Amino acid sequence: MATIFSRIVAGEILSYKVAENERYYAFLDINPLAKGHTLVIPKQEVDYFYDLDDDTLEGMILFAKQVAQKIKAFSGCKKVATVVLGLEVPHAHIHLIPMNSEKDVDFTREKLVLTPEEFSEIASALRG
Ligand code: 5GP
């Protein structure tokens, strides 16, 4: 069965797209730690990040770099944290999170609740 992230790429489940090419897809995390919190995934369905083949892994980091540059410009944060963690969705993903302090990347913190309009505005700004 396709993962929820593959269904997002296929357009079966709505997402707020930030960037896409033939191999990768970036979209806003629906439970963000900060405005601009983005997930980067390979279109290839592989569960564990380090099971990705070298070429896919390398390309994913370069794709994430482009997205991170946009997040940094959008949010004005000091750095964009690059985090690979989580067991919830069995599809490799990188969390890109605007960061001004290490506390900003504490996944036990309460997540932001944004309206669809806010998500759309953020995604549109990051795509621009
Ligand atoms: P993890 O595997 O990293 O623990 O969790 C996956 C991440 O994907 C979580 O941060 C969660 O908020 C996010 N997520 C799970 N399902 C969806 C979804 O349907 N849409 C979006 N945009 N994000 C999701």
Side-chain angles (χ1 to χ4, degrees):
M1 207 173 78
T3 67
I4 196 161
F5 289 171
S6 288
R7 295 183 65 205
I8 283 175
V9 172
E12 293 168 17
I13 295 173
L14 177 134
S15 70
Y16 298 94
K17 181 164 94 173
V18 169
E20 179 175 19
N21 68 17
E22 54 296 339
R23 297 172 75 195
Y24 307 100
Y25 192 85
F27 57 106
L28 296 180
D29 193 308
I30 208 72
N31 301 302
L33 280 169
K35 287 186 176 183
H37 180 168
T38 297
L39 299 173
V40 172
I41 62 168
K43 291 187 177 176
Q44 188 189 353
E45 205 173 86
V46 170
D47 177 0
Y48 178 45
F49 187 71
Y50 289 118
D51 280 340
L52 290 167
D53 64 84
D54 290 358
D55 185 57
T56 303
L57 194 60
E58 195 174 286
M60 187 169 167
I61 295 292
L62 296 177
F63 181 81
K65 177 181 178 181
Q66 292 175 350
V67 177
Q69 286 166 338
K70 291 193 170 172
I71 294 172
K72 189 164 184 297
F74 162 78
S75 80
C77 58
K78 283 187 189 162
K79 291 187 178 177
V80 173
T82 301
V83 182
V84 178
L85 100 176
L87 297 167
E88 189 194 317
V89 180
H91 190 138
H93 53 282
I94 295 173
H95 292 260
L96 296 177
I97 305 161
M99 171 177 66
N100 291 303
S101 137
E102 287 178 10
K103 292 194 190 102
D104 296 341
V105 194
D106 174 1
F107 276 80
T108 65
R109 274 182 36 222
E110 204 167 321
K111 309 300 185 297
L112 295 183
V113 177
L114 302 178
T115 65
E117 291 74 25
E118 287 175 305
F119 276 116
S120 290
E121 278 171 28
I122 295 166
S124 164
L126 292 176
R127 281 196 307 270

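The model shown is predicted, which means the values in this text are computed figures rather than measured ones. When a ligand or atom number is given, it counts from 1 through the structure's own listing order.
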Checking heavy atoms under 4.0 Å, the part of Phe5 that sits near ligand 1 is side chain

With heavy atoms and a 4.0 Å threshold, my read on which part of Tyr16 contacts ligand 1 is neither

- prompt: If you group Ile, Leu, Val, Met, Phe, Trp and Tyr by side-chain heavy-atom gaps below 4.5 Å, do Met60 and Tyr48 land in one group?
  reply: yes

Please verify whether a non-hydrogen atom of His93 lies at under 4.0 Å from ligand 1. yes

Closest to atom 12 (O) of ligand 1 (heavy atoms only, candidates Asp29, Ile30, Ile94, Ile13) is Asp29

**Asked** Are Phe5 and Phe27 an aromatic pair by the rule of ring centers under 6.0 Å?
**Response** yes

**Asked** Under 3.5 Å between some N or O of ligand 1 and some N or O of Val89?
**Response** yes

Within 4.0 Å of some non-hydrogen atom of Phe27, the atoms of ligand 1 are 21 (C), 22 (N)

To atom 8 (O) of ligand 1, the nearest of Val83, Leu39, Asn31 on a heavy-atom basis is Leu39

Of all protein heavy atoms, the one nearest atom 4 (O) of ligand 1 is Gly86 CA, 3.2 Å

With a 4.5 Å cut-off on side-chain heavy atoms, are Leu28 and Leu114 touching?
no

Under 4.0 Å, counting heavy atoms only: does His37 come that close to any atom of ligand 1? no

Nearest heavy-atom contact between Met99 and Val105 is SD-CG2, 3.7 Å

- Report the C-alpha distance between Arg23 and Gln44 in whole Å, list the side-chain angles of each, state the deciding distance to 0.1 Å, and finish with yes or no for side chain to side chain contact (heavy atoms under 4.5 Å, CB included). CA-CA 7 Å; Arg23 297 172 75 195; Gln44 188 189 353; over 6 Å; no

Side chains of residues 62-90: which donor-acceptor pairs under 3.5 Å do they make with residues two or more places apart or in other chains?
| residue | atom | partner | partner atom | Å |
| --- | --- | --- | --- | --- |
| Ser75 | OG | Ile71 | O | 3.3 |
| Ser75 | OG | Cys77 | N | 3.1 |

A student comparing Ile8, Thr38, Thr3, Ile41 should find that the heavy atom closest to atom 18 (C) of ligand 1 comes from Ile8

min-distance protein heavy atom vs atom 22 (N) of ligand 1 -> Leu28 O, 2.9 Å

With heavy atoms and a 4.0 Å threshold, my read on which part of Leu87 contacts ligand 1 is backbone

Checking heavy-atom distances from atom 15 (C) of ligand 1 to each of Lys111, Glu88, His91, the winner is Glu88

### Message
Tell me whether Leu39 shares a hydrophobic cluster with Tyr25, the cluster being built from Ile, Leu, Val, Met, Phe, Trp, Tyr side chains joined at under 4.5 Å.
### Response
yes

- Query: So do Ile94 and Ile61 actually touch side chain to side chain, heavy atoms under 4.5 Å?
  - Reply: yes

If Ile, Leu, Val, Met, Phe, Trp and Tyr residues are connected whenever their side-chain heavy atoms lie under 4.5 Å apart, and connections chain through other members, are Leu14 and Leu112 in the same group? yes

The answer for which part of Ile4 has a heavy atom under 4.0 Å from ligand 1 is side chain

